[in-house]
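Structure record follows, encoded as structure tokens.
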Amino acid sequence: MTTPVVGIDIGGTKTAAALVDRTGRVLERREAPTPARSGPGAVLDTAARLASDLLGAAAGPVGVGTAGTVDPATGGIRYATDSLPGWTGTPVADALANRLGREVRVTNDVNAAALGECWAGAGRDRAHVLLVAVGTGLGGAIVRNGRVEAGARGAAGEVGHLPAPGAERLRCGCGRYGHLEAIASGSGLAAAYVIETGTHVTGRTVADRAAAGDGVAQQVVERAGAVLGAALAGLVALLDPDAVLVAGGAAGPLLPSASVAYSAEVPAGWADVPLLPATLGADAVVVGAARLTIDRPDLERTDG
């Protein structure tokens, strides 16, 4: 079958839907702000509206990559942060299937990004991949034999909660201190800069100041990147991937120091495992969500 399929990306800030061909190329795209504060019903209505515009040209089920931990058995949300209030417990697969009249398959957004990158991005033709997404927070996904590894709760790959040196005074999004996300993320950069300067700015601003020559900002960014790179080197020895991909809006500033630390720390037996920037950008989640509809990877939900 060569008819395109539809993938949806539901995030705390924006929701997108795309028509994707069978090579992973985005043919059409729709996007709208996520009405997160209006509740799950409004979020689902927005996703359904965007997807409906594309369904006439699409075949088969609809795939969804969403923020939150997804129950692989039900396609519902086990846990979500307050970026999507009330999202925990939302039966995303069933609710969207009812709205769209189509079968719906759901996975976490970082898992979807990993599937997308392995299908049509930096992980193409690699069977075993670790992807880390560096944004406001820090997420991860493990792909083995081309399929996302779900784990017992649909949450395998959450590397952000690994203990990390240098993060002891920094608070993770989970509420605890000392985790990798607390230092190697946009929120981590912002928190570390406050500790050093007393100035409250965003992580993006910290990165911009580092690029402009702010010495303190440079120190914060380089430290975060070095901690990330060392952690990824350790994970390579544990997971034995073909490649490590780094994605996300906050990844760029951390990559130079992360690459140096990774090369220095990766064990000799895995020295040929590259650390690579992801290449699909904002399309990664919709492309990976579309992939869910084609070959039924581990973290999928089938309705009907």
Which heavy-atom pair separates [X] from [Y] by the least distance, and what is that distance?
| X | Y | value |
| --- | --- | --- |
| I10 | W87 | CG2-CZ2, 4.1 Å |
| A51 | I8 | CB-CD1, 3.7 Å |
| Q218 | A210 | NE2-O, 3.1 Å |
| G60 | R102 | O-NH1, 2.9 Å |
| V134 | A184 | CG1-O, 3.6 Å |
| R22 | T3 | NE-O, 2.7 Å |

Would you check if [X] and [Y] make a side-chain contact, meaning some heavy-atom pair closer than 4.5 Å?
| X | Y | value |
| --- | --- | --- |
| H179 | P163 | no |
| T69 | I77 | no |
| L100 | S52 | yes |
| V201 | R209 | yes |
| L19 | V5 | no |
| L84 | T34 | yes |
| V104 | P61 | no |
| E117 | T279 | yes |

May I ask you to decide if [Y]'s main-chain N or O and [X]'s side chain share a donor-acceptor pair within less than 3.5 Å?
| X | Y | value |
| --- | --- | --- |
| N98 | D94 | yes |
| R144 | L239 | yes |
| D214 | A217 | yes |
| T293 | V62 | no |
| D242 | H128 | yes |
| S187 | T136 | yes |

Check step by step if side-chain contact (heavy atoms from CB on, under 4.5 Å) holds for L232 and L275. CA-CA 9 Å; L232 294 178; L275 178 65; 3.8 Å; yes
Kindly determine whether W119 and V287 satisfy side-chain contact (heavy atoms from CB on, under 4.5 Å), including the steps that lead there. CA-CA 8 Å; W119 183 23; V287 170; 3.6 Å; yes
Transitively linked via ILVMFWY side-chain contacts under 4.5 Å: [X] with [Y]?
| X | Y | value |
| --- | --- | --- |
| V143 | V132 | no |
| V216 | V221 | yes |
| V260 | L189 | no |
| L228 | V159 | yes |
| V148 | L138 | no |

Kindly determine whether T90 and L44 satisfy side-chain contact (heavy atoms from CB on, under 4.5 Å), including the steps that lead there. CA-CA 10 Å; T90 300; L44 292 166; 3.9 Å; yes
Give, for atom [atom1] of [X] and atom [atom2] of [Y], the distance between the pair rounded to the nearest 0.5 Å.
| X | Y | atom1 | atom2 | value |
| --- | --- | --- | --- | --- |
| T66 | L96 | OG1 | CG | 9.0 Å |
| C172 | I183 | SG | CD1 | 12.0 Å |
| T202 | Y193 | OG1 | OH | 11.0 Å |
| Q219 | E222 | CD | CD | 8.0 Å |
| R291 | N111 | CZ | CG | 15.0 Å |
| W270 | L238 | CH2 | CG | 9.5 Å |

Check against side-chain contact (heavy atoms from CB on, under 4.5 Å), L54 and E28: CA-CA 8 Å; L54 305 169; E28 291 187 56; 3.9 Å; yes
Name the one of R30, R29, K14 that satisfies salt bridge (charged side-chain N to carboxylate O under 4.0 Å, His left out) with D9?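 Only one option passes, and that is K14.
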Let's go through R176 and E181 carefully: what are the C-alpha distance in whole Å and the side-chain angles of both, what is the deciding distance for salt bridge (charged side-chain N to carboxylate O under 4.0 Å, His left out) to 0.1 Å, and is it a yes or a no? CA-CA 10 Å; R176 297 191 176 186; E181 178 180 298; over 6 Å; no
Which residue, V244, V266, D240, L162, forms the side-chain contact (heavy atoms from CB on, under 4.5 Å) with L235?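 One option only clears the test, and that one is L162.
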So, Y79 versus D71: side-chain donor-acceptor pair below 3.5 Å or not? no
